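Below: one structure, written as structure tokens.
For reference, positions follow the sequence shown, starting with 1. Note that the structure is predicted; figures quoted are calculated from it, not measured.
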Amino acid sequence: MSVKVTAQLGDKQIIIETGRLAKQADGAVTVQLGETIVLVAAVAAVKAKEGQDFFPLTVDYREKAAAAGKFPGGYFKREGRPTEKEILTCRLTDRPIRPLFPKGWYNEVQVQTVLLSADGENDPDMLSIIGASASLMVSDIPWAGPLGAARIGRVNGQFIANPTHTEMKDSDLDLVYVGNEKDIVMYEGAAKEISEADFLAALKFAQEAIQPMIAAQKELASKGGKKKREITLNIVPDDILAEAKALAGDRFVPALLTPGKLAREAACNAIKDEVGAKLVEKFGAEKVTKFVINDAFYYIQKEAVRALILTHGKRLDGRNFDQIRAISGEVGILPRAHGSAVFSRGETQSVTLATLGTGEDAQEFDSYTGGGTEKKFILHYNFPNFSVGETGRISGPGRREIGHGALAERSIAPMIPLDTYPYAVRVTSEIMESNGSTSMASVCGGTLALMDAGVPMIRPVAGISVGICTEYSGKEISQYKLLTDIIGWEDAYCDMDCKIAGTEKGITGFQLDLKLKGLPHAIMAETVEKARVARLFILGEMAKVLAEPRKDISKYAPRIITLKINPEKIGALIGPGGKNIKRLVEESGCEINIEDDGTVNIFSVSAEGMKIARDEIEGMTAEAEIGKIYRGKVVTIKEFGCFVEFLPGRDGLVHISELANFRVKKTEDIVKMGDEIWVKCLGVDEKGRVRLSRKAAMEDRDKEMAPAGAEAAPEEAKV
């Protein structure tokens, strides 16, 4: 039996239905907004795999071309590997639901979203999050939901819940918000330098907006949900954990306070190896497996790290809670890159390269859900194994790399005038060393590289990560410490990774991940303020390296000039079958992009080629100017005169009476086919026909060439 509920989201209605499709899944729902519909199905394995020592959650989101009434692009006409949009939506769906599964439950879980219908206005990514929550709620899978999700925009100062793509064109905020009945669970997005106060107001608006969705899911679960299954948690036996603590004693504290990431890890691993061997000796290898040792020492280290912070007021690297690690940077480090920088913050380091390209280099992609099909600014993030001193599989970018690059990209993008800047721009962030928040290092390094490349950024952008360590009962926080500029183990053993990027004026990018079930808004307000103070400090340090964009671009970057022509001349410039423009590109070696409004961008690394292209385009598209003298070619002879091509592809009539300053009996007496002559433009009629005069041109040229006083000579001769 199908069950359907509705939830009001602003002026829009979301419909959630279960029991109609995918009935063999543990839980499945469809979620509809407008004419956009997704199916979300959740399934959990009956038991954990033998030796499983982590929670194997897989979240997948796939768009089908048929949902938008389209064929897939490419040769095979079948959807292939996930697009960046699909990967980012997977991450959006995964991150808020993951912390709400029981700790120590290792049965494999898969949550899959399929786009069934796309109206091109309502983005399905929010529906995927809502559907994941609803499908888990109606399933027998243990999960501490529900969650509500909404996209928040701001148009003319007014917040909008789940704006359409059309509405988002005028929005200065793109906030993806996920929460429970009272707290924040996850957010991410971008803004055009929104103030901290307005950002917090947006979070509160979102929290209120999602409540109808939470209520609707509870109603759906009560009417069509299954009873939750009994589960077995895989946890370390109490006697082994107690023995491990006794054997480790108080040695973990000095080990954790060892300076340097690798030295700290080595000191802790030495204790782990020693104690692990003694545990095996006492309890036996069958009972003390590799999982038991790893899990026990994760618990012990986590407990020790949190005690240091909450009880003793100490951080692992000796900093105070608000202190940022040492910052350094350089620009222009790579001779052939159009812009380059290295940015270091403690043991986190990024080398960034900026590349300027032509309009042809902009990224194009299929879009079934609306929101554009081209990007002029791209930021790619790469995280090699050596950055953490490890070996491992070497492959292309994974979901993490895609997500970190997207965060850095949307943080910087609002400060590049993409609407008017003619170049396509790519930044690559190569992580050289990692110990906390490499994505924010990519923002800082990317900004420096862009300014080194001469990209006219409106203002520099910096980013910082703030963490939290809490005393958390599972329902409320009784004690907490906020940690500015977290390192890797503070991220691993504490409860929050809140990244906020922006300029001196406001916030441009943000992302929140929690290990808690939720975070109160009051604590988030403190976090946002700490991030603001840290960001301003980092911007000051970056200004010491490079304060503003360079005035000129690299000699290796393509030069560009922009011309404006009459849109009616575009056809003449392109020529039949592209003949004219192809010839010009071949002769000049330039790349020429023509836009519908008559804007012509010419890209070239050769000054000579640039001049050839510019002169010919100006000639081919120039308008006749009354009174101007032109050098033209006779192209047609008539009894009443001749036609002269005075501009490329443009000719005018020289009447027989305008050929000379005496009576001409026959046109051929003065000019022949192919002759080059000087002509003056006398006028242009309403039909665009041009009147030219050889006689007037000759008189004007004679006056210009006559020596001073020559006209007075005849009068002097009379005396």
Side-chain angles (χ1 to χ4, degrees), residues 88 151-155 157 159 163 168-177 187-203 206 341 343 345 350 352 354 375-381 403-421 425-427 429 437-451 455-466 485 497-513 524 527-543 546-549:
L88 293 175
R151 169 172 275 105
I152 306 299
R154 186 174 70 167
V155 179
F159 294 123
M168 283 300 293
K169 291 178 181 178
D170 299 317
S171 176
D172 63 355
L173 172 68
D174 182 5
L175 165 65
V176 173
Y177 181 93
Y187 62 65
E188 76 168 45
K192 296 177 182 176
E193 295 185 297
I194 192 172
S195 70
E196 277 71 15
D198 288 349
F199 178 63
L200 292 170
L203 296 180
F343 178 85
R345 191 185 66 250
S350 169
T352 48
K375 282 203 304 185
K376 285 180 63 179
F377 173 58
I378 310 164
L379 192 149
H380 290 150
Y381 166 102
H404 278 41
L407 171 59
E409 178 182 292
R410 65 174 175 263
S411 298
I412 294 174
M415 290 298 101
I416 302 176
L418 296 171
D419 291 340
T420 57
Y421 193 53
V425 183
R426 180 179 184 239
V427 170
S429 175
S437 198
T438 50
S439 62
M440 294 296 96
S442 299
V443 171
C444 300
T447 295
L448 290 173
L450 287 166
M451 293 197 296
V455 176
M457 294 190 69
I458 299 168
R459 272 174 288 279
V461 183
I464 192 65
S465 181
V466 179
D485 185 17
D497 184 3
C498 178
K499 303 181 180 79
I500 298 181
T503 69
E504 63 182 5
K505 287 189 64 177
I507 296 170
T508 58
F510 40 85
Q511 179 176 295
L512 170 69
D513 288 316
M524 181 49 59
T527 303
V528 170
E529 174 58 19
K530 287 189 180 295
R532 184 191 69 83
V533 173
R535 182 175 79 244
L536 294 179
F537 173 80
I538 296 171
L539 284 168
E541 295 299 297
M542 289 168 60
L546 187 62
E548 60 184 21

Which pair of heavy atoms, one from [X] and one from [Y], lies closest together, and at what distance?
{"X": "Ser442", "Y": "Ser429", "result": "OG-OG, 2.7 Å"}
{"X": "Ala191", "Y": "Pro414", "result": "O-CG, 3.5 Å"}
{"X": "Ile538", "Y": "Gly463", "result": "CD1-O, 3.7 Å"}
{"X": "Lys376", "Y": "Leu418", "result": "NZ-O, 3.0 Å"}
{"X": "Ala501", "Y": "Val461", "result": "CB-CG1, 4.3 Å"}
{"X": "Asp174", "Y": "Phe510", "result": "O-CZ, 3.9 Å"}

By salt bridge (Lys or Arg N to Asp or Glu O under 4.0 Å) - contacts of Arg535 (at least two apart)
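Partners of Arg535 under the salt bridge (Lys or Arg N to Asp or Glu O under 4.0 Å) test: Glu196.
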Go through the structure and list residues passing salt bridge (Lys or Arg N to Asp or Glu O under 4.0 Å) with Arg426, not counting sequence neighbours.
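Testing Arg426 for salt bridge (Lys or Arg N to Asp or Glu O under 4.0 Å), a comparison that skips the adjacent residues, returns none.
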Using the side-chain contact (heavy atoms from CB on, under 4.5 Å) criterion, which residues pair with [X]? Sequence neighbours excluded.
{"X": "Ala534", "result": "Ile324, Ile464, Thr484"}
{"X": "Val155", "result": "Ile160, Asp170, Ser171"}
{"X": "Ala441", "result": "Phe343, Arg345, Thr348, Ser350"}
{"X": "Pro460", "result": "Thr447, Met451, Leu539"}

Taking only residues two or more places apart in sequence, or in another chain, which ones meet [X] in a side-chain hydrogen bond (donor to acceptor under 3.5 Å, both in side chains)?
{"X": "Tyr187", "answer": "none"}
{"X": "Thr352", "answer": "none"}
{"X": "Lys530", "answer": "Asp322"}

Verdict with supporting geometry, Tyr421 and Phe377, ring-ring contact (aromatic ring centres under 6.0 Å, His included)
CA-CA 11 Å; Tyr421 193 53; Phe377 173 58; over 10 Å; no
Output a table of donor-acceptor pairs, distance under 3.5 Å, between side-chain atoms of residues 403-410 and any protein atom two or more places apart or on a different chain; print 'none' if there are none.
from: His404; atom 1: ND1; to: Arg400; atom 2: O; distance (Å): 3.2
from: Glu409; atom 1: OE1; to: Lys375; atom 2: NZ; distance (Å): 3.3
from: Glu409; atom 1: OE1; to: Leu379; atom 2: N; distance (Å): 2.9
from: Glu409; atom 1: OE2; to: Lys375; atom 2: NZ; distance (Å): 2.7
from: Arg410; atom 1: NE; to: Gly189; atom 2: O; distance (Å): 3.0
from: Arg410; atom 1: NH2; to: Glu188; atom 2: OE2; distance (Å): 3.4

Report yes if some heavy atom in the side chain of [X] is under 4.5 Å from a heavy atom in the side chain of [Y]; otherwise report no.
{"X": "Arg154", "Y": "Ile194", "answer": "yes"}
{"X": "Val427", "Y": "Ile412", "answer": "no"}
{"X": "Thr503", "Y": "Thr508", "answer": "yes"}

Taking ring-ring contact (aromatic ring centres under 6.0 Å, His included) as the definition, give me every residue that meets it alongside Phe159, ordered by chain and number, with sequence neighbours left out.
Phe205
Point-to-point distance, once rounded to the nearest 0.5 Å, from [atom1] of [X] to [atom2] of [Y]:
{"X": "Leu203", "Y": "Leu175", "atom1": "CG", "atom2": "CG", "value": "6.0 Å"}
{"X": "Glu541", "Y": "Cys444", "atom1": "CD", "atom2": "SG", "value": "11.0 Å"}
{"X": "Ser195", "Y": "Ile507", "atom1": "OG", "atom2": "CD1", "value": "7.5 Å"}

Show your reasoning for whether side chain to side chain contact (heavy atoms under 4.5 Å, CB included) applies to Val455 and Ile416.
CA-CA 8 Å; Val455 176; Ile416 302 176; 4.1 Å; yes
Scan for salt bridge (Lys or Arg N to Asp or Glu O under 4.0 Å) pairs involving residues 498-510, sequence neighbours excluded, and state none if there are none.
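Residue pairs with at least one partner in residues 498-510: Asp497-Lys499.
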In sequence, state the C-alpha distance, the side-chain angles, and the governing distance for Met524 and Leu512, and then conclude on side chain to side chain contact (heavy atoms under 4.5 Å, CB included).
CA-CA 10 Å; Met524 181 49 59; Leu512 170 69; 3.9 Å; yes
